[in-house]
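Heads up, the thing below is written out as structure tokens.
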Protein chains: 2
Amino acid sequence: MGRIRHQDLRNSPACPVEGTLELIGGKWKGVILYHLIQQGTLRFNELRRKMNVTQRMLTNQLRELETSGLIDRKVYAEVPPKVEYSLTERGRSLEPIILALKRWGDDNILAIGYVAPGTC
Amino acid sequence: MGRIRHQDLRNSPACPVEGTLELIGGKWKGVILYHLIQQGTLRFNELRRKMNVTQRMLTNQLRELETSGLIDRKVYAEVPPKVEYSLTERGRSLEPIILALKRWGDDNILAIGYVAPGTC
DNA sequence: GTATATAGTGTCGAAAAAGGTACCATGAGG
DNA sequence: CCTCATGGTACCTTTTTCGACACTATATAC
């Protein structure tokens, strides 16, 4: 996913834009962050039920967010397993950006020509 | 590229986040928008010189931004060719988001562990 | 004994995104 | 005549991403 290639970081005062986008730009990362902002803490399958995504992809995206230091993964030694995800402080610092993305999308995406088939 | 698949728009109150990210999430789109915010108007090769990118990719990303209604393409009937790119009103409405992405990146990317090799 | 829920992992293949190289038209400058 | 600059396009290959599907372990409930 958003592995940053070093070349991206050269030659451009704008690269932080690029870098930030790579961190939150994976197929499901924005949505995961959004849900965690709304709910605070969510278990794996709670997240899964909110987003039509396979286990594999969800695990994958969560791991990358964790590696980036944006979310926290708390495992309870129980059976059946229980794992809770929440935002780290750094993750929370993205809140204004995520919410701005959502607001902009609400205001503009339909106008641009994408049509939601059912509900959105 | 940022083609939105309809499935993404179902089942999630967060999909505008996803949608917006797809519009600005192409490999070079964030940077292009950033430069246009800074400079107002730029010619094709001016942009190219600011970003280590091939002609092919730059054309591609510019076309997609144009299709999304975020940038304007003005062709002058001259030789050698002259084409100017600038933000549309809708594009300008992304300014706070792009600048927030840049600021967040400046504050966080190095801390997260990416190391700029030379300058950045 | 069987089914259920949870939070995963592994493998595979298709599709999408990105990148490399070559090529084009044209007018100006020498 | 040759060369340069501009803003592309065409063709092809590589890399990355996405998703389908099968499989796992374990405690609990029936």
Side-chain angles (χ1 to χ4, degrees), chain A residues 1-8 10-12 15 18 21-32 41-67 71-86, chain B residues 1-12 15 18 21-32 35-36 41-68 71-86:
Chain A
M1 190 84 8
R3 215 77 221 120
I4 286 190
R5 277 142 299 193
H6 279 170
Q7 210 186 18
D8 300 344
R10 281 198 308 267
N11 305 329
S12 173
C15 55
E18 192 55 35
L21 279 173
E22 290 203 36
L23 288 181
I24 66 177
K27 184 73 169 53
W28 301 99
K29 290 183 191 171
V31 187
I32 292 171
T41 293
L42 287 168
R43 297 180 60 175
F44 184 83
N45 273 356
E46 288 176 330
L47 267 171
R48 194 151 122 69
R49 279 186 290 263
K50 288 179 181 296
M51 309 154 42
N52 199 316
V53 61
T54 61
Q55 286 182 326
R56 199 187 165 298
M57 276 306 293
L58 182 54
T59 303
N60 188 293
Q61 302 281 290
L62 287 168
R63 289 286 188 283
E64 291 189 5
L65 288 170
E66 195 192 354
T67 300
I71 66 172
D72 211 52
R73 178 168 178 268
K74 187 168 180 186
V75 184
Y76 294 83
E78 298 178 8
V79 160
K82 175 175 174 185
V83 180
E84 284 183 346
Y85 292 93
S86 57
Chain B
M1 198 90 0
R3 213 78 218 118
I4 285 191
R5 277 143 300 193
H6 280 170
Q7 210 186 20
D8 300 343
L9 294 171
R10 281 199 308 267
N11 305 328
S12 172
C15 56
E18 192 56 33
L21 279 173
E22 291 203 36
L23 287 182
I24 66 177
K27 184 72 170 51
W28 301 99
K29 291 183 191 170
V31 188
I32 291 170
H35 286 305
L36 290 179
T41 294
L42 287 169
R43 297 181 60 176
F44 184 85
N45 273 355
E46 288 175 330
L47 267 170
R48 194 151 122 70
R49 278 187 290 265
K50 288 179 181 296
M51 309 153 44
N52 200 317
V53 62
T54 61
Q55 284 184 326
R56 198 189 166 299
M57 278 305 295
L58 182 53
T59 302
N60 190 295
Q61 302 280 293
L62 288 169
R63 289 288 189 282
E64 292 190 3
L65 288 170
E66 195 192 356
T67 299
S68 305
I71 65 173
D72 211 53
R73 179 167 178 268
K74 187 168 180 185
V75 183
Y76 294 83
E78 297 179 8
V79 161
K82 176 176 174 183
V83 180
E84 285 183 345
Y85 292 93
S86 56

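Lettering follows sequence order; numbering is per chain, from 1. Given the structure is predicted, the values throughout are model-derived calculations rather than measurements.
Applying the 4.0 Å criterion to OP1 and OP2 of D:dA27, one finds that A:Tyr76 has every side-chain N and O outside that range. Under 4.0 angstrom from either OP1 or OP2 of C:dA18 there lies at least one side-chain N or O belonging to B:Gln61. Close to D:dA22, at under 4.0 Å from its OP1 or OP2, lies no side-chain N or O of A:Arg56. A:Arg43 has a side-chain polar atom (N or O) that falls below the 4.0 Å cut-off from OP1 or OP2 of C:dA7. Within the structure, every side-chain polar atom (N or O) of B:Arg49 is placed at least 4.0 Å from both OP1 and OP2 of D:dG7.
To the nearest 0.5 Å, atom CD of residue B:Glu64 and atom CG of residue B:Leu23 are 10.0 Å apart. Atom-to-atom distance recorded for B:Trp28:CH2 and B:Lys50:NZ is 14.5 Å, nearest 0.5 angstrom. Atom OG of A:Ser86 sits about 7.5 Å away from atom CD of A:Glu84, to the nearest 0.5 Å.
Atom CG in A:Asn45 sits roughly 8 Å away from atom C1' in C:dA5 (whole-Å rounding). Across the protein-nucleic acid pair, B:Glu66 atom CD and D:dG7 atom P stand 15 Å apart, rounded to whole Å. Separating the NZ atom of B:Lys74 from the C1' atom of D:dT6 is a distance of 18 Å, rounded to the nearest angstrom. With rounding to whole Å, B:Leu58 atom CG is found 14 Å from D:dT9 atom C1'. If you measure from atom CZ of B:Phe44 to atom C1' of D:dG7, you get 6 Å, rounded to the nearest angstrom. C:dT26 atom C1' lies 17 Å from atom NZ of B:Lys82, rounded to whole Å. The distance between atom CD of B:Glu78 and atom P of D:dC4, rounded to the nearest whole Å, is 22 Å. Here C:dA7 presents its C1' atom at 15 Å from CG of A:Asn60, a figure rounded to the nearest Å.
In the set C:dG8, C:dG20, D:dG8, the nucleotide with an atom closest to the side chain of A:Tyr85 is C:dG8. In the set D:dT9, D:dG7, C:dG8, the nucleotide with an atom closest to the side chain of B:Thr59 is D:dT9. Distances from the side chain of B:Arg63 to the nucleotides D:dG7, D:dT6, D:dT9 place D:dT9 closest. Closest approach to the B:Val83 side chain among C:dT6, D:dG7, C:dG19 is made by D:dG7 (side chain taken as heavy atoms from C-beta onward). The A:Met57 side chain lies nearest to D:dG19 when the options are D:dA22, D:dG19, D:dG8.
Of the two residues contacting DNA chain C, namely A:Gln55 and B:Val53, the nearest-nucleotide position lying further toward the 5' end is that of A:Gln55.
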Exercise for the section: Could you walk me through whether B:Asp72 and B:Tyr85 pass the side chain to side chain contact (heavy atoms under 4.5 Å, CB included) test, one step at a time? Expected result: CA-CA 6 Å; B:Asp72 211 53; B:Tyr85 292 93; over 6 Å; no
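Of all heavy-atom pairs spanning A:Arg48 and A:Val53, the tightest one is NH1-O, 2.8 Å.
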